A.B. asks: 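This structure is in structure tokens; I'll ask about it shortly.
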Amino acid sequence: MVILAGAFRSKVIAVVRRIPPGRVATYGDVAAAAGSSRASRAVGNIMRTCRSADVPCHRVIAAGGRLGGFGGNLQLKRELLRAEGILVTGSRVKEFTTRRWTRPAPRNKAT
DNA sequence: CTGCTGACTGGTA
DNA sequence: GTACCAGCCAGCA
């Protein structure tokens, strides 16, 4: 897989690919992990323009645990999420706050 | 380079 | 609860 595109885009894609199964991340989280905590819109834009099979865009949702847009394939997204053990009620992720993933557990050196 | 668009977010009404 | 507005950022014409 080759990502010959803007650095931000490749970064966003990398972050999304790092999202482990059974977990979800908001556009804002992905944007923040990519370097811009305010590029949430850009992230969504990247998802739409890129939507590569290597990018589990279905794990990327809007804030508040809402599924977001997804071009109207919310039903598909819902099933994909549910297939990973993520229950979705209407347009909202169940236990979203606990399923929310930002990045690999930051180890505490000085606990 | 300029302008518009959009799978977003938070606030106000 | 829904609806509308303003802000922010990257991609594309």
Side-chain angles (χ1 to χ4, degrees):
Chain A
M1 183 273 273
V2 29
I3 308 174
L4 30 75
F8 188 80
R9 183 153 79 167
S10 55
K11 214 164 203 171
V12 169
I13 292 170
V15 173
V16 175
R17 291 188 74 237
R18 289 175 63 133
I19 301 176
R23 288 276 189 283
V24 294
T26 70
Y27 294 98
D29 287 333
V30 177
S36 299
S37 55
R38 304 196 160 143
S40 47
R41 288 169 65 166
V43 173
N45 216 338
I46 294 166
M47 294 288 97
R48 178 164 66 100
T49 58
C50 197
R51 57 178 178 175
S52 305
D54 303 283
V55 185
C57 36
H58 64 267
R59 289 182 196 154
V60 184
I61 59 178
R66 300 177 306 196
L67 298 192
F70 231 74
N73 293 356
L74 296 183
Q75 187 179 332
L76 173 65
K77 188 172 188 175
R78 189 157 54 209
E79 293 190 47
L80 287 169
L81 291 173
R82 205 169 79 75
E84 302 203 344
I86 303 172
L87 295 188
V88 183
T89 78
S91 302
R92 293 268 289 265
V93 174
K94 202 68 166 171
E95 301 267 297
F96 159 66
T97 49
T98 58
R99 297 214 177 267
R100 183 173 163 181
W101 175 93
T102 49
R103 72 184 83 178
R107 57 252 167 247
N108 299 320
K109 181 168 54 173
T111 18

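Below, each value reflects all heavy atoms present in this structure, side chains not excepted, and no hydrogens, waters or symmetry copies. The shown structure was predicted, so the numbers you read here are calculated from the model rather than taken from an experiment. So you know, we letter chains A, B, ... as the sequences are listed, proteins then strands, and number each from 1.
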A.B. asks: Without decimals, in angstroms, what is the distance between A:Arg38 CZ and B:dC8 P?
C.D. replies: 18 Å
A.B. asks: If you look at every strand shown and take non-hydrogen atoms under 4.0 Å, does A:Gly44 touch a base, only sugar-phosphate, or nothing?
C.D. replies: base
A.B. asks: Given B:dA7, B:dT5, C:dC12, which nucleotide is nearest the side-chain atoms of A:Arg9?
C.D. replies: C:dC12
A.B. asks: Please tell me which of the listed nucleotides, C:dA10, B:dA7, B:dG10, lies nearest to the side chain of A:Arg48?
C.D. replies: B:dA7
A.B. asks: If C:dC8 has a Watson-Crick or G-U wobble mate with both distances under 3.5 Å, name it; if not, just say none.
C.D. replies: none
A.B. asks: Between C:dC9, C:dG7, C:dC12, which one does the side chain of A:Arg41 approach most closely?
C.D. replies: C:dG7
A.B. asks: Between C1' on C:dG11 and CZ on A:Phe8, what's the gap in Å once rounded to a whole number?
C.D. replies: 11 Å
A.B. asks: Of all the nucleotides listed (B:dT9, B:dA7, C:dC9), which has the minimum atom distance to the side chain of A:Phe70?
C.D. replies: B:dA7
A.B. asks: Rounded to the Å, how far apart are A:Asn45 CG and C:dC8 C1'?
C.D. replies: 13 Å
A.B. asks: Taking the nucleotide of DNA chain C with the nearest heavy atom to each, does A:Ser40 or A:Arg92 sit closer to the 5' end?
C.D. replies: A:Arg92
A.B. asks: Looking at the side chain of A:Ala39, which of C:dC9, B:dT9, B:dG6 is the nearest nucleotide?
C.D. replies: C:dC9
A.B. asks: Can you spot which of A:Val88, A:Val93, A:Ile86, A:Asp29 makes a side-chain contact (heavy atoms from CB on, under 4.5 Å) with A:Ile61?
C.D. replies: A:Val93
A.B. asks: Take the protein atom CG of A:Asp29 and the nucleotide atom C1' of C:dC9, then report the distance between them rounded to whole Å.
C.D. replies: 16 Å
A.B. asks: Can you spot which of A:Asp54, A:Val30, A:Ile46 makes a side-chain contact (heavy atoms from CB on, under 4.5 Å) with A:Val16?
C.D. replies: A:Val30
A.B. asks: Can you tell whether the side chains of A:Arg23 and A:Glu84 come within less than 4.0 Å, N to carboxylate O?
C.D. replies: no
A.B. asks: Have A:His58 and A:Glu79 got a donor and an acceptor in their side chains that come within less than 3.5 Å?
C.D. replies: no
A.B. asks: Expressed in angstrom and rounded to an integer, what is the separation of A:Ile46 atom CD1 from C:dC12 atom C1'?
C.D. replies: 13 Å
A.B. asks: Nearest to the side chain of A:Met47, heavy atoms from C-beta on, is which of B:dG10, C:dC9, B:dA7?
C.D. replies: B:dA7
A.B. asks: Other residues, nucleotides and ligands only: do more than 12 of their heavy atoms fall within 6.0 Å of NZ on A:Lys77?
C.D. replies: yes
A.B. asks: Could you check how far CD1 of A:Ile19 sits from C1' of B:dA7, rounded to whole Å?
C.D. replies: 14 Å
A.B. asks: A:Gln75 has an atom CD; how far is it from atom P of B:dA7, in whole Å?
C.D. replies: 19 Å
